[in-house]
Amino acid sequence: MLRRPPFPRPSAAAVDKARLLLDRALGPSKVITSPDACLNYAGDESDQDPVTPDAVALVSSADDVARALAAASEAEVPIVPRGAGSGKSGGAVPVGGGIVLATIGMKSIKEIDREELVAVVEPGVILGDFHAAVEAEGLFYPPDPNSLKMCAIGGNIAENAGGPRAFKYGVTREYVLGLEATLMDGTRLRTGRRTVKGVTGYDVTSLLVGSEGTLAVFTEATLQLIPKPPGVVTLLALFDTAFSSGRAVSAIIAAGLVPRCLELLDAGALEAVRARGVPVDARAGALLLIEIDGDAASCEAAMERIGEACVSQGALDVLAAQDKAQRDRLWEARRALSPATRAMARFKISEDVVVPRTRLPDLLTEVGRISEETGVRMLSYGHAGDGNLHVNFLWNDPDQGPAVEKGLDRLFRAVIGMRGTLSGEHGIGTSKAEFLPLEQSAELIDLQRRIKTVFDPRGLLNPHKIFPRRGHGVC
Ligand code: 2HG
Ligand code: ZN
């Protein structure tokens, strides 16, 4: 892994005090202190080294959350909210030790209102379970990060998660109408609304969505639903190079077509798919996985025009999934790409950079150059319709760490040079914090630090995330 200096941890006296206060506030059955059990809450799905917390609070209500926050405040130890631990940027890793506040036990879907198209959920609800529940009512909740079988809605909100369907439907923020949240000082807030429209006051809900667990702890979310689309068609377009598949993305968008998913896999990602036993035409060096939803007639028309756009950019073949089983197999392979690529090497870093869609071919070319110059194996896949690619660095030899660092720096600078952004859906966390000054001005970073101070004056809630260590900016 990459070498990063550790953050300071609380003193032994502060840890003892925190454990005692937590025990008193929640009862011993909701507090974990044994190092072995705490280890289960040390890491997430990012490249951030796991850090074992000093204690874990297993909260099951908003009152428990307030009590755990009060214990952390009084003992002056960090406290880090955690959903399912599926985050990709270190957001839930307790890098400064202290308490992990696990909200995964808050699993109630409190309400699904078919007339208002609104649902109310607790933060520990697993996204896939929520999809199943709303779809059983003929409704639809579009955000679909690929970890949907295990990720929790609280974490999705904290990271403003996206997923393949974001191309047509947008990301989590678009569906969060309101939040119940608790601040470090115990204040319980209800932000936002339950109505479709509403512009009262500052949009605090939007500020909290994507705040990576640094401002408040969510205890309830009011979510917008939409009617379930009547039909879905899935297409696979094969190309000889990633470059031509990138151009096809632009051709589809320029034709005014809005598939719900427009995913790209380059040659390296195809290798991972093939290694999982999914046969992909040997001629293909890249593919687009495209999904259209709507009524049968509009799907049919869109399918034809998408096919034409792909062929205009040299597609070798465009195939439609014949039935649900075939469709599910394709998506299973796509959704399994993250673990599949992880299995390809001892170390993996997956970035989630975004560039203007027309610059995708340039990004792919740049990735090829970086790989060649650094000697690090790289591959890319992801949400090409949004210009959002997961550029993966894969390596086995720890001595390649500096080359990976160099590659990361080059990648981020190239992306910013294309007027792109560092993160499309995984957040900044610890893994990209040092690079934030490449994208944001010192004034903007300072304003955000001051906002953080308003919510959490002593900096105990999920410290060391998003912002670079002082004096260590990359600029
Ligand atoms: C995906 O799109 C996820 O599969 C994870 O955002 C990406 O781990 C990855 O490379
Ligand atoms: Zn993704």
Side-chain angles (χ1 to χ4, degrees), residues 1 43-48 83-92 127-128 142-152 155-156 158-173 210 212 242 249 260-266 268-273 275-276 278 287-291 330-345 347-355 357 360 363-364 367 376-395 404 407-408 411 415 420-429 431-432:
M1 276 292 154
D44 63 4
E45 291 293 320
S46 70
D47 60 292
Q48 167 69 51
S86 62
K88 305 285 305 180
S89 58
L127 180 64
D144 65 336
N146 282 318
S147 52
L148 58 87
K149 281 192 183 150
M150 55 89 70
C151 65
N156 293 174
E159 300 296 331
N160 191 16
R165 298 198 294 232
F167 178 59
K168 177 170 178 179
Y169 290 109
V171 295
T172 300
R173 181 174 283 122
E212 305 193 20
V249 170
R260 76 176 186 185
C261 309
L262 191 36
E263 298 279 303
L264 183 152
L265 277 67
D266 77 358
L270 281 186
E271 212 179 294
V273 169
R276 283 188 89 90
V278 180
L287 66 75
L288 292 180
L289 177 58
I290 307 162
E291 197 157 87
L330 287 173
W331 277 106
E332 213 173 290
R334 165 61 186 96
R335 293 198 188 280
L337 259 179
S338 181
T341 48
R342 187 171 290 284
M344 286 168 84
F347 304 114
K348 151 176 160 151
I349 288 185
S350 173
E351 291 306 339
D352 73 319
V353 293
V354 192
V355 293
R357 277 92 54 119
L360 274 176
L363 175 62
L364 289 159
V367 169
V376 179
R377 180 175 186 188
M378 291 175 72
L379 57 84
S380 304
Y381 57 92
H383 322 295
D386 298 320
N388 183 193
L389 277 197
H390 298 307
V391 176
N392 279 222
F393 293 76
L394 303 169
W395 73 106
V404 174
L408 282 171
L411 172 70
V415 163
T421 184
L422 297 178
S423 176
E425 54 178 16
H426 293 167
I428 297 298
S431 44
K432 287 182 279 277

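In each ligand, atom 1 is the first atom listed, and ligand 1 is the first ligand listed.
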**Study point:** Check: Asp352 main-chain N/O paired with Asn388 side-chain donor or acceptor under 3.5 Å
**Key:** yes
Review point. So, for His390 and Ser350, which heavy atoms are closest and what is the spacing to 0.1 Å?
Key: CB-OG, 3.6 Å
Revision key, fill the gap. min-distance N/O/S atom, His383 vs the Zn ion (ligand 2), resolves to NE2
Exercise for review: Return yes if some donor-acceptor pair links the side-chain N/O of Thr172 with the main-chain N/O of Ala161 below 3.5 Å, else return no.
Suggested key: yes
Check your understanding: With backbone taken as N, CA, C and O and side chain as the heavy atoms from C-beta onward, which portion of Glu45 lies under 4.0 Å from ligand 1: side chain, backbone, both, or neither?
Key -> neither
Check your understanding: Counting distance only, does the side-chain N/O of Ser86 pair as donor-acceptor with the main-chain N or O of Cys151 below 3.5 Å?
Key -> no
Review point. Atom 10 (O) of ligand 1: which protein heavy atom is closest, and how many Å away?
Key: Tyr381 OH, 2.3 Å
Practice item. Of all the heavy-atom pairs spanning Lys432 and Ser423, show the shortest one and how long it is. Key: CE-CB, 3.8 Å
Review point. With a cut-off of 4.0 Å, which atoms of ligand 1 are near a heavy atom of Ser350?
Key: 7 (C), 8 (O), 9 (C), 10 (O)
Check your understanding: Can Arg335 be said to touch ligand 1, with heavy atoms closer than 4.0 Å?
Key -> no
Practice item. Side-chain contact test, heavy atoms from C-beta onward, threshold under 4.5 Å: evaluate it for Ser380 versus Leu364 and give yes or no. Key: yes
Check your understanding: Does even one non-hydrogen atom of Leu337 get within less than 4.0 Å of ligand 1?
Key -> no
Check your understanding: Which ligand 1 atoms, with their elements, are less than 4.0 angstrom from a heavy-atom of Asn392?
Key -> 10 (O)
Check your understanding: Is Lys348 touching ligand 1 with its side chain, its backbone, both, or neither, if touching means heavy atoms under 4.0 Å apart?
Key -> side chain
Review point. Which option, Asp144, Asn146, Leu379, owns the non-hydrogen atom nearest atom 1 (C) of ligand 1?
Key: Asn146
Review point. With no hydrogens and no angle check, is any side-chain donor or acceptor of Asn160 less than 3.5 Å from a backbone partner on Arg173?
Key: yes
Review point. If every non-hydrogen atom of Leu394 is compared with every non-hydrogen atom of Ala345, which pair is closest and at what distance?
Key: CB-CB, 3.8 Å
Check your understanding: Does Glu425 approach ligand 1 within less than 4.0 angstrom via side chain, backbone, both or neither, non-hydrogen atoms only?
Key -> side chain
Review point. Heavy atom of His383 under 4.0 Å from ligand 1?
Key: yes
Practice item. Determine yes or no for a side-chain-to-main-chain donor-acceptor pair under 3.5 angstrom, with Ser89 supplying the side chain and His426 the backbone. Key: yes
Check your understanding: Do Ser147 and Lys88 have side-chain N/O donor and acceptor atoms under 3.5 Å apart?
Key -> no
Review point. For atom 6 (O) of ligand 1, what's the nearest protein heavy atom and its distance?
Key: His426 NE2, 2.8 Å
Review point. Which of the atoms of ligand 1 are close to Lys88, meaning less than 4.0 Å from one of its heavy atoms?
Key: 8 (O), 9 (C)
Review point. Does ligand 1 have any atom that is closer than 4.0 Å to a heavy atom of Arg334?
Key: yes
Review point. Rounded to 10°, how many degrees is the angle NE2/His390-the Zn ion (ligand 2)-OE2/Glu425?
Key: 90°
